Amino acid sequence: MSEFAQSVKQQADIVKIVEGYIRLRKAGAQNYSGLCPFHKEKSPSFSVHAVRQFFHCFGCGVSGDVFSFVGKIENVGFPEAVRIVAQKCGIPLPKREYSSPEEAAGARLRGKLLDLHEAAASWFEEQLRGPEGALAREYLAGRGLTPEGIKTFRIGYAPDSFNALRDRLSGVADNETLRASGLFAWKEQGDGSQGPIYDRFRKRITFPISNESGRVIAFTARALETGEKAGAKYINSPETPLYTKGLILFNLDKAKTAIRQAEFALLVEGQMDCISVYLRGIQNVIATSGTAFTEQQVAILKRHTSNVAVNFDPDTAGANAAEKSIALLTEEGFTIKIVTLEDGLDPDRYIRERGVEAYTAAVRAARRQSDYLIERARQMFPGASAEQKVKAMNFLLPHIRRMPEKLSRDQFAADAAQKLGIDSAVLREEIRHAALKRRDHIEVRTASLTEVERVLLRALAITDPEHEEARRIAVEAVTSHPATFEGLGSFPALQSLAMRGAQDPMEMVEDQAQMALLAEALMGETGPPSTDTVQGAISSLQKRKIESEIRNLRAQIAEAERRGDHIELAVLTQQKLDLDRVLRKLHG
Ligand SMILES: [Zn+2]
C-alpha cells in the first residue's frame, strides 16, 4: 500500500464510509451491523468493526478494509477506491498511480467527461438566466418553480443553436473526448466516417442527472415547444463511460439522507414530479425516469432502505411500469405501499393544486401492495362469475408467489380469496399452493469457533501495547508448541497472527475462510482478553492434547500386553506416567 493510501486509511472512518452506502445499527461495544450490500439477505449479517476498521459478512463471507469495501460496492479498482475514500474524507489527492495504462486512460477520460458535464451544466444555467432563456423561465415559472428551486436542481436552458455549446467546450477538450461525452451528435458521412459534431440539446430545458456523489453525469432535456418540428418531448444523454441508465436513480444524491431518516423512499415516475415534491419539503423522493426498475437500481436502493411508497401515474403506461417495478421490489424483499391520488392527478399537479399537506396525507394513506393489486384485479375482471374470479386469481397468483416470506404470502392469499369472494375449494387449494410454493431463503452462516479459539484469536490480534503480555503468551504458545493447536479449525489463522510482528492483524490472514473465523472472533469483542484467560485457554488445549495422547498410550499398552512384549510395555507405561504427571500439574 502506498504511503498516501496508508494515510487515507488512517484518517478514514470505515463506519462513516459504509454508512454512506447502507444503514448500520450499533450491534456491540465496537461493532455495527446492517444488511449486506453484496448478497441478498433479510436479517443483517454484515458487520463493521469500528476499532479495527474492517468489515465482514457472516452470510456471504466477504471481508476487508475500507478500500476493499468501496472498491467492491463502486465496482472500481484499488487506486480508484483510495481516491474515492480520500475525496469523501476531504483529503487532497496526490498525482495518481494506476495499475495499468488502460485504467489510467479510463480514469483520465472519466475525469475529463466530469469536467465537461460540469462546464455544460453551468453554461446551461447561465443561458437560462440570459435573454435567450426568457421563454424557458416563463415555462418553469408556470410549473411552479422558483429561482431557488431552479438553482437547487441546476435546471438550465440549451439555446436554439447547433454550435453554441460546441464552441464553448472545444477549447476545453479534444474532439474525441467531446464525442465521448454524449453532449454532441453527428451524422454518418457517405463514406462511413463521422461527420462534424453539433449540439445534441437545442431549444430545450435541461435537467442534470447526477451520480450518488452529486456530480453531473448526463442530462435530460425537455422540448420547449410541442409539435412535429420540436422532436421528442424528452431526450436524454446516451450511455457514456460516465452514465449507465439502469444504474442511476434520479435525485438519490439529494434524497439519500432523508430516505434513511424517514426509513422509506417515495418513488415517483417523472423527474418533474420528483423535483416538485422535493422542493416542497418531501426530500426522500426519487424518480425512475419513466421506465421500470432495473435489478441494479433495486440493489442500489436496498442500500438505503427496504421500504418504498410508490406513486406512479395512474394511466395504463404508469400502471404497467408500476407493476413491473413492484414485482422486482417484491422479489428483493421490499415492503411496498401504493399511493393513489384523487382525480387521477400526477404528483406534480397534485402537490401544486392541493398543497403539501394533502399530498403528505395521501402518502400516509398509501395502501399495502396486496390491497392495491386485489383492487386492480377486481377492476380488470369485474363481476361475480366464476370465470372472472379465475382470471382475477390468475392475475394475482404470480404476485403472491413472488413474495419471499411465507407469512406474507399466506396473508395475501387469504385476503385475495376473501375479497374476491372465492368459495370454490379448487381455487382455494390453488391459492394455498401458491403460498406454499416458494421456499424461504435460508441464510448460510460460516463455521463457528470454540470459546478457546475465540480467546486465542483475540489475544493474537491485540494491538494495544498495554495488553502486550497477553499477546506474548499466546504467540509463545503457538510458535513453540504448534502441535497443541493443530487440531483447531482456525489453526492457519492462529499461525499467521503469531508471526505478524507489528503489522495490522487484519492484513495477515489471506484465506477467506480463515478471515471469516478471525472476523467472527473479533466482531463481538469488548476488549482484549486478560493474561489469565489466555493462559487458561492454552492450558485447556494442552490438557485436551495430553488426554488424547494418554488415550493413545492406553491402547498401545493393551496391545503390548496382548503380545507379551514386556520391554515395549515398560517404555509405554513410563511415558504414560510422565504424561499423567504433566496433566496433574496442568490441573494445578
Ligand atoms: Zn454478504
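Not measured: the values here are computed from a predicted model. Remember, it's 1-based here, ligands and their atoms both numbered in the order they're listed.
- Ser68 and Asp65 share a side-chain donor-acceptor pair at under 3.5 Å.
- Between Phe69 and Phe54, the gap from one ring centroid to the other reaches at least 6.0 Å.
- Taking the six-membered ring wherever Trp is involved, the centroid distance between the rings of Phe46 and Tyr32 does not fall below 6.0 Å.
- Sequence neighbours left out, not one pair with a member in residues 488-497 passes salt bridge (Lys or Arg N to Asp or Glu O under 4.0 Å).
- Only protein atoms were considered; those of element N, O or S under 2.8 Å from the Zn ion (ligand 1) number 4.
- Identified under the salt bridge (Lys or Arg N to Asp or Glu O under 4.0 Å) test for residues 258-268, with sequence neighbours left out: Arg25-Glu263.
- Counting only residues at least two apart or on different chains, the salt bridge (Lys or Arg N to Asp or Glu O under 4.0 Å) pairs with a member in residues 450-465 are Glu451-Arg454, Arg454-Glu520.
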